[in-house]
Amino acid sequence: QVQLVESGGGLVQAGGSLRLSCVASGRSLRPYVMGWFRQAPEKEREFVAGISWSGGSTYYADSVKGRFTISRDNAKNTVYLLMNSLKPEDTAVYYCAATPGYSGSVIYSSKSQYSYWGQGTQVTVSS
């Protein structure tokens with residue numbers, strides 16, 4: 001099994017920035033795909049951003065495109081989500097996810113495509 005632990009959540013003002021981190025441990029998932037999802041109260045978990053094993057391919061939900069940046073440091077087994085220009089609508093529990101990929105460039109955007117999940121970290125954006 002693989003363990004994913006998110007950190008970096010907190011309370012920020014609208015327009016501010018926050019960087020989330022997710023550290024993976026346990027079984028190697030290379031060439032694994034990493035993604036970030038979020039879930040607001042009474043809402044379904046939704047895709048935010050994904051990144052390939054190589055880090056050369058990324059994909060973002062339209063709602064965060066241009067504001068969020070996903071990156072990874074495979075040497076540290078860590079994936080990041082830099083969130084800029086935060087809005088109150090971004091308030092949610094953010095989850096890190098991972099799954100084996102069939103190549104180093106593939107990206108998945110559906111939660112059903114991911115095998116491992118972190119516990120989540122709360123992000124609250126005040127107006």
Side-chain angles (χ1 to χ4, degrees):
Q1 296 296 315
V2 173
Q3 293 79 48
L4 304 175
V5 180
E6 304 97 333
S7 63
L11 174 64
V12 297
Q13 295 187 19
S17 299
L18 201 63
R19 190 177 78 160
L20 306 182
S21 299
C22 173
V23 179
S25 62
R27 187 190 303 274
S28 175
L29 294 176
R30 181 177 183 175
Y32 57 94
V33 179
M34 300 290 292
W36 286 96
F37 290 75
R38 66 186 182 186
Q39 187 168 20
E42 307 299 327
K43 301 286 188 177
E44 289 190 46
R45 192 169 300 185
E46 65 176 0
F47 173 78
V48 176
I51 187 168
S52 64
W53 163 257
S54 68
S57 298
T58 58
Y59 182 67
Y60 300 91
D62 289 341
S63 60
V64 306
K65 192 173 300 181
R67 298 188 298 120
F68 290 11
T69 302
I70 187 171
S71 61
R72 67 191 300 165
D73 185 342
N74 290 345
K76 297 181 178 180
N77 297 316
T78 302
V79 64
Y80 305 95
L81 184 68
L82 176 61
M83 304 181 291
N84 293 324
S85 302
L86 283 163
K87 306 174 181 179
E89 305 90 88
D90 296 319
T91 296
V93 176
Y94 283 71
Y95 296 90
C96 175
T99 199
Y102 67 82
S103 76
S105 60
V106 67
I107 298 177
Y108 301 129
S109 60
S110 173
K111 57 181 181 290
S112 65
Q113 297 175 296
Y114 287 85
S115 300
Y116 305 100
W117 296 85
Q119 83 288 352
T121 185
Q122 176 71 46
V123 172
T124 302
V125 184
S126 62
S127 59

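Note: hydrogens, waters and symmetry copies are ignored here, and every other heavy atom, side chains too, is used.
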Original post:
What do you reckon, is NZ of Lys65 surrounded by more than 12 foreign heavy atoms closer than 6.0 Å?
Top reply: yes
Subject >> Criterion side-chain contact (heavy atoms from CB on, under 4.5 Å) on Val79 and Ile51, from CA distance to verdict >> reply: CA-CA 9 Å; Val79 64; Ile51 187 168; 4.0 Å; yes
**OP:** Identify whether NZ of Lys or CZ of Arg in Arg72 sits under 6.0 Å from the centre of the six-membered ring of Tyr32 and within 45° of that ring's axis.
**Re:** yes
**OP:** Mark yes or no: Arg45 above the aromatic ring of Phe37, with NZ or CZ under 6.0 Å from the six-membered ring centre and no more than 45 degrees from the axis.
**Re:**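 Judged by the rule, Arg45 and Phe37 form no cation-pi pair.
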**OP:** Quick one: do Tyr108 and Thr99 satisfy side-chain contact (heavy atoms from CB on, under 4.5 Å)? Show the steps, please.
**Re:** CA-CA 9 Å; Tyr108 301 129; Thr99 199; 3.5 Å; yes
Between [X] and [Y] (side chain of the first, backbone of the second, donor and acceptor by atom type, cut-off under 3.5 Å), is there such a pair?
X: Tyr80; Y: Asp73; answer: no
X: Ser52; Y: Ser57; answer: yes
X: Thr69; Y: Leu82; answer: no
X: Thr78; Y: Lys76; answer: yes
X: Asn84; Y: Gly16; answer: no

From [X] atom [atom1] to [Y] atom [atom2], the distance as rounded to the nearest 0.5 Å:
X: Tyr94; Y: Met83; atom1: OH; atom2: CE; answer: 5.5 Å
X: Trp36; Y: Glu6; atom1: CH2; atom2: CD; answer: 5.5 Å
X: Phe68; Y: Leu20; atom1: CZ; atom2: CG; answer: 8.0 Å
X: Tyr60; Y: Arg67; atom1: OH; atom2: CZ; answer: 12.0 Å
X: Leu86; Y: Ser126; atom1: CG; atom2: OG; answer: 10.0 Å
X: Cys22; Y: Tyr116; atom1: SG; atom2: OH; answer: 13.5 Å

Do [X] and [Y] come close enough that some side-chain heavy atom pair is under 4.5 Å?
X: Val12; Y: Ser17; value: no
X: Lys111; Y: Glu46; value: no
X: Val123; Y: Leu18; value: yes
X: Val48; Y: Leu81; value: yes

Subject >> Test ring-ring contact (aromatic ring centres under 6.0 Å, His included) applied to Tyr59 and Phe47, step by step >> reply: CA-CA 10 Å; Tyr59 182 67; Phe47 173 78; 5.7 Å; yes
Search all heavy atoms of [X] against all heavy atoms of [Y] and return the closest pair with its distance.
X: Tyr95; Y: Gly118; result: CD2-O, 3.6 Å
X: Leu4; Y: Cys96; result: CD1-O, 3.7 Å
X: Ser127; Y: Ala14; result: CA-CB, 4.2 Å
X: Met34; Y: Ala98; result: SD-CB, 3.2 Å

Subject >> From Thr91, Asp90, Thr121, residue fulfilling side-chain contact (heavy atoms from CB on, under 4.5 Å) relative to Arg38 >> reply: Asp90
Original post:
Do Val93 and Val23 share a hydrophobic cluster, counting only Ile, Leu, Val, Met, Phe, Trp and Tyr and linking them when any side-chain heavy atoms are less than 4.5 Å apart?
Top reply: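 In one cluster with Val93: Val23, no.
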